[in-house]
Amino acid sequence: MATALWIVAAASAAAFIIWRLKHAGARLETIFREERERTEAESGPAEEFYDELDQPHRVGWNRRSR
């Protein structure tokens with residue numbers, strides 16, 4: 001009888017953990033999708049991004065400026 005209770009408790013705990021992980025995964029997917037949409041809306045043309053790479057920064061020069 002005690003073994004059966006341990007098995008039921010372990011199965012219940014596993015089911016709860018799986019349920020929480022599924023919801024956390026869905027939540028993360030939503031956050032990543034919203035962040036991707038936000039950055040796509042804010043980003044300009046690709047040329048502007050590469051022009052920024054040629055600028056020196058605090059640490060030194062980047063690889064494209066050498």
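Throughout, numbering of the chain's residues begins at 1 and tracks the sequence. The analysis underlying the following values was restricted to heavy atoms, covering all of them including side chains, and did not include hydrogens, waters or symmetry mates.
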Engineer: When you look at R33 and R36, which way does the side-chain contact (heavy atoms from CB on, under 4.5 Å) test go after all the steps?
Structural biologist: CA-CA 5 Å; R33 184 183 68 245; R36 197 170 31 249; 3.9 Å; yes

Engineer: Taking the six-membered ring for Trp, are W19 and H23 parallel (under 30°), tilted (30 to 60°) or perpendicular (over 60°)?
Structural biologist: perpendicular

Engineer: Enter the distance from L5:CG to S12:OG here, rounded to the nearest 0.5 Å.
Structural biologist: 10.5 Å

